[in-house]
There are 2 protein chains.
Amino acid sequence: MTRKTESPSIQVRQIAEECIAVRLRLLTRAVTRLYNRALRPHGLTVSQMNILVAASCLGQARPQDICRVLHLEKSTLSRDVERMRIQGWLKKSSGEDGRTSLIHVTPAGGRLLEKAIPAWREAQQRAKALLGEPGCAVLDRTATALRRGDLRETG
Amino acid sequence: MTRKTESPSIQVRQIAEECIAVRLRLLTRAVTRLYNRALRPHGLTVSQMNILVAASCLGQARPQDICRVLHLEKSTLSRDVERMRIQGWLKKSSGEDGRTSLIHVTPAGGRLLEKAIPAWREAQQRAKALLGEPGCAVLDRTATALRRGDLRETG
DNA sequence: ACCTTTAAATTGTATATACAACTATTGTCC
DNA sequence: GGACAATAGTTGTATATACAATTTAAAGGT
């Protein structure tokens with residue numbers, strides 16, 4: 001009896017073999033797990049670490065500044081920050097513009113970040129091995145292009 | 001008045017400048033948005049399309065098979081499949097092993113996939129432009145390595 | 001045949017993510 | 001200076017994701 005499962009069209013096969021999204025997302029899931037497992041003992045996720053680092057480097061940062069450098073949607077950041085504020089790692093203060101607030105890292109947040117550095121190094125090393133030198137270079141180039149706004153976000 | 005914002009340590013700066021996770025996640029967010037916006041008119045997300053494609057290519061697939069090729073956690077897939085089953089794009093049938101079930105694409109799911117191909121092509125082209133030829137090559141290589149299990153999941 | 005161990009999937013809970021709708025504030029133009 | 005447009009964040013809702021705990025079923029040893 002011929003099985004009734006339709007074999008996929010050539011075009012569907014093409015998606016399976018070529019789709020950039022599927023590969024990129026797969027790779028990111030794997031790498032995210034790597035970092036999250038390393039950071040877990042510190043009670044920190046890689047997303048949260050990224051936000052701490054960004055806020056730390058920017059100094060008093062407006063939410064939109066962090067959104068820009070991380071290509072994060074404003075509502076996503078809003079909730080991430082709220083969780084971290086509750087943890088005591090971030091604080092908000094009001095700036096000149098009444099619509100906005102300034103985010104800064106608390107001393108506790110700073111200490112946490114420093115403490116987590118060895119775990120980060122470990123994950124970073126494994127991720128480097130996975131991607132290889134050329135992979136890291138490509139990633140660097142592409143992320144920089146994105147931050148400069150090369151991908152037109154047609155509102 | 002010297003500002004009290006602590007400037008980040010050299011090591012924190014290093015994370016900002018070198019962290020693979022932050023760049024990869026940033027890039028993936030941007031690319032995911034690209035595909036999701038293109039696919040939206042079809043009521044489909046890129047995650048769901050990936051699962052449809054995988055199931056389509058595998059034929060009668062066990063959940064664990066799909067998890068393996070996509071590096072997805074089993075509980076994640078379980079919920080994704082349930083949503084798609086409700087939409088009528090996937091169906092489950094019981095196989096020989098009573099613990100497992102077989103997932104297959106319904107005719108409606110197949111039609112949806114075919115219909116969405118032009119949108120996929122459009123997003124794919126933009127993603128290609130963003131990553132460049134070398135970027136795509138690296139991605140291909142790394143994803144293949146991952147699927148072969150090169151990253152030790154020290155469960 | 002029964003008990004224990006192993007394996008596969010589901011369910012509980014939490015974070016991460018985005019879009020749409022809403023709120024509040026600022027800026028502009030007459 | 002008041003109506004209106006633009007801007008910044010927050011909130012409502014939904015998907016995606018993972019870890020831990022639970023359920024169900026198969027395998028293995030005696």
Roughly how far, to the nearest 0.5 Å, is the [atom2] atom of [Y] from the [atom1] atom of [X]?
{"X": "B:M49", "Y": "A:I15", "atom1": "CE", "atom2": "CD1", "value": "5.0 Å"}
{"X": "B:R37", "Y": "B:R126", "atom1": "CZ", "atom2": "CZ", "value": "9.5 Å"}
{"X": "B:L39", "Y": "B:L44", "atom1": "CG", "atom2": "CG", "value": "5.5 Å"}
{"X": "A:H104", "Y": "A:Q60", "atom1": "NE2", "atom2": "CD", "value": "5.0 Å"}

What's the closest nucleotide to the [X] side chain, out of [options]?
{"X": "B:S75", "options": "C:dC19, D:dA18, C:dT17", "answer": "D:dA18"}
{"X": "B:R83", "options": "D:dT15, C:dT17, C:dC19", "answer": "D:dT15"}
{"X": "A:D80", "options": "C:dT17, D:dG12, D:dC19", "answer": "C:dT17"}

Base, sugar-phosphate, or nothing: which does [X] touch, judged by heavy atoms less than 4.0 Å apart?
{"X": "B:R79", "result": "base"}
{"X": "A:S47", "result": "sugar-phosphate"}
{"X": "B:Q48", "result": "sugar-phosphate"}
{"X": "B:L72", "result": "sugar-phosphate"}
{"X": "A:T45", "result": "sugar-phosphate"}

B:Q124 side chain vs A:I20 backbone, donor-acceptor pair below 3.5 Å |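 At least one qualifying donor-acceptor pair exists.
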
Output, in order, the C-alpha distance, side-chain angles, deciding distance and verdict of side chain to side chain donor-acceptor pair (under 3.5 Å) for B:S9 and B:Q11.
-> CA-CA 5 Å; B:S9 74; B:Q11 288 162 350; 4.5 Å; no

Mark up nucleotides 3-9 of chain C, 5' to 3', with B wherever a protein heavy atom is under 4.0 angstrom from a base atom, S wherever such an atom reaches only the sugar-phosphate, and - elsewhere.
-> ----BSB

Any side-chain donor near an acceptor of the partner, B:S101 and B:R62, under 3.5 Å =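 B:R62 and B:S101 do not have a side-chain donor-acceptor pair below 3.5 Å.
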
Taking only Lys NZ, Arg NE, NH1 and NH2, and the carboxylate oxygens of Asp or Glu, determine whether B:R85 and B:E82 approach each other closer than 4.0 Å.
->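 Salt bridge: yes.
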
Return no unless some side-chain N or O of B:T76 is found under 4.0 Å from OP1 or OP2 of D:dA16.
->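 Indeed not, no polar side-chain atom of B:T76 lies that close.
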
Any side-chain N or O of A:R25 less than 4.0 Å from the OP1 or OP2 oxygen of D:dT17?
->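 Answer is yes, contact under 4.0 Å.
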
Can you pull out how bent the helix from C:dA1-D:dT30 to C:dC30-D:dG1 is, comparing the axes over its first five and last five pairs, to 10°?
->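 Helix axis angle between the two ends: 0°.
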
Which residue lies toward the 5' end of DNA chain D, A:E73 or A:N36, if each is placed at its nearest nucleotide?
->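 By nearest-heavy-atom nucleotide position, the 5'-most residue is A:E73.
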
Looking only at heavy atoms, which two atoms of B:G135 and A:V138 are closest? And how far apart?
->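 Residues B:G135 and A:V138, closest heavy atoms: CA-CG1, 3.4 Å.
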
